[in-house]
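Please read the structure below before turning to the comments.
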Amino acid sequence: MSDPSRPRASLRTAVVWDVLKDALDRRVKATGRESLDVLDTGGGSGKFAVPAARLGHRVTVVDPSPNALFALERRAAEADVADRVQGVQGDVHGLFDVVERGGYDAVLCHGVLEYVDDPAEGVANAVASLRPGGVLSLLASGLGGAVLARALAGHFTEARHALDDPDGRWGEGDPVPRRFTTEQLTALVEGAGLRVGAVHGVRVFADLVPGVLVDTEPGALDALLKLEAAAAELPAFHSVATQLHVLGETREAAEA
């Protein structure tokens, strides 16, 4: 079972999980409540929801896929947190058909904006589900990382196409409908009324390093994890990250 706190999975999730866990810990201290209400939009099989529930929080996962929600139920049961994880079928555009406005201390919106018709509406709905003092964890595909990956694979025309395309797509066969720059994501967060608390580049190196090297070279995985963590906060590396993570804070959270 994948878990952000486990080493192999951490190549893709460690940076986001560390930022998220710290944000949840700060909300616990600010509210004086040991258990928070967390909403995970597009949370799928619970890659972040189950670890958050392990911390004692109550997590509601909204996802359009019945199969993903079934996998979530199984994963939560295996982790012995089924009583703290609820799966609901729905999506971020129809969010308030299935959850309440202003009912959550933290909202996760990971891997959602790439696929929705209106990213601004998606972010606005996520923000509208926050309580005063709440935080938003936003994760989306980065434009620069895709351009770099196509170029390093020798697909130079596709890399140029992605660079020029309004949605950051490299061609007809691109499975990702939309990618973002740091400026675009932070503008969405600020446009929804939140303050940008932090920006991190995710998978700056992990997707470019041969897997065989990580798996066979002694100490390589740990060293790569440390490198990812060190580079994540540096703006110079945000433009080449596979994903971008933005932590948005309400005014009350920013002042806490």
Side-chain angles (χ1 to χ4, degrees), residues 1-4 9 12-13 16-17 20 36-53 57-79 81-131 134-142 146 167-169 172-180 184-185 188-189 191-192 194 202-203 242-248:
M1 181 178 63
S2 178
D3 183 325
R12 293 179 177 269
T13 59
V16 179
W17 176 246
L20 177 59
L36 303 176
D37 293 302
V38 178
L39 176 63
D40 190 352
T41 64
S45 62
K47 181 166 56 177
F48 287 93
V50 168
H57 305 305
R58 296 175 295 274
V59 187
T60 299
V61 176
V62 176
D63 197 280
S65 169
N67 290 336
L69 294 175
F70 178 77
L72 166 70
E73 184 179 351
R74 185 175 61 235
R75 175 178 280 183
E78 291 173 351
V81 293
D83 60 327
R84 294 196 293 275
V85 177
Q86 177 188 17
V88 182
Q89 190 170 1
D91 59 43
V92 73
H93 282 318
L95 192 59
F96 301 115
D97 293 335
V98 294
V99 303
E100 64 174 309
R101 292 179 181 268
Y104 298 91
D105 301 290
V107 175
L108 283 58
C109 188
H110 295 174
V112 172
L113 298 187
E114 297 93 325
Y115 301 95
V116 299
D117 294 333
D118 187 343
E121 180 189 354
V123 175
N125 283 351
V127 172
S129 65
L130 286 172
R131 289 172 176 155
V135 294
L136 171 69
S137 176
L138 183 65
L139 181 69
S141 296
D167 292 322
R169 305 185 76 235
E172 291 292 330
D174 192 338
V176 179
R178 187 185 294 108
R179 294 184 178 88
F180 299 87
Q184 289 171 329
L185 283 182
L188 286 171
V189 171
L194 296 187
V202 181
R203 290 156 57 188
T242 298
Q243 293 179 311
L244 296 167
H245 182 249
V246 179
L247 187 72

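Computed from a predicted structure; not experimentally measured.
Taking every heavy atom of both residues into account, Ala124 and Ala192 meet most closely at CA-CB, 4.3 Å. Here the closest heavy-atom approach between residue Pro64 and residue Pro66 is recorded as O-CD, 3.3 Å. Minimum interatomic distance between Ala76 and Val85 (heavy atoms only, all atoms of both residues): CB-CB, 4.0 Å. Closest approach of Leu136 and Ala126 over heavy atoms only: CD1-CB, 4.0 Å. Closest approach of Gly42 to Val112, counting heavy atoms only: CA-CG2, 3.9 Å. Ser137 and His245 get closest at one heavy-atom pair: OG-NE2, 2.7 Å.
In this structure, Val38 and Phe48 have side chains that are not in contact, with every pair of non-hydrogen atoms separated by 4.5 Å or more. Inter-residue side-chain proximity for Asp63 and Leu72 is flagged as unmet; no heavy-atom pair is nearer than 4.5 Å. Taking 4.5 Å as the limit, every side-chain heavy atom of Asn125 sits out of range of all side-chain heavy atoms of Thr41. Put simply, the side chain of Gln86 does not reach to within 4.5 Å of the side chain of Arg58, judged on heavy atoms. Between Leu113 and Leu185, some side-chain heavy-atom pair lies under the 4.5 Å cut-off. Two residues are said to be in side-chain contact when any heavy atoms from C-beta on lie closer than 4.5 Å; Asn67 and Phe70 fail this criterion. Taking 4.5 Å as the limit, every side-chain heavy atom of Asp174 sits out of range of all side-chain heavy atoms of Asp167. Residues Cys109 and Val123 fail the side-chain proximity criterion, which asks for heavy atoms closer than 4.5 Å.
Here NE2 of His57 is found 10.0 Å from CG of Asp37. Values are rounded to the nearest 0.5 Å. The distance from the CZ atom of Arg169 to the OG atom of Ser141 is 11.5 Å, given to the nearest 0.5 Å. Separation of atoms CZ (Arg84) and OG1 (Thr60) is listed at 13.0 Å; rounding is to 0.5 Å.
Applying the side chain to side chain contact (heavy atoms under 4.5 Å, CB included) rule to Ala128 yields the partners Phe96, Arg101; only residues at least two apart in sequence or on another chain are considered. Annotation: side chain to side chain contact (heavy atoms under 4.5 Å, CB included) contacts of Asp91 (sequence neighbours excluded): His93.
No donor-acceptor distance shorter than 3.5 angstrom exists from the side chain of Arg74 to the backbone of Ser45, with no hydrogens or angles considered. The closest donor-acceptor contact from the side chain of Asp40 to the backbone of Val61 lies at 3.5 Å or more, if one exists at all. Of the possible donor and acceptor atoms, none in the side chain of Gln243 sits under 3.5 Å from a partner among the backbone N and O of Ala140. The backbone N or O of Leu139 lies less than 3.5 Å from no partner atom in the side chain of His110, so there is not a single donor-acceptor pair.
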* To do: Step by step, work out the side-chain contact (heavy atoms from CB on, under 4.5 Å) result for Glu121 and Val116.
  => CA-CA 9 Å; Glu121 180 189 354; Val116 299; over 6 Å; no
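For Gln184, the CD atom counts as densely surrounded, since its 6.0 Å shell holds more than 12 non-hydrogen atoms of other residues, nucleotides or ligands.
Sorted by first and then second residue, the salt bridge (charged side-chain N to carboxylate O under 4.0 Å, His left out) pairs with a member in residues 103-115 read Arg33-Asp105, Asp105-Arg131; sequence neighbours excluded.
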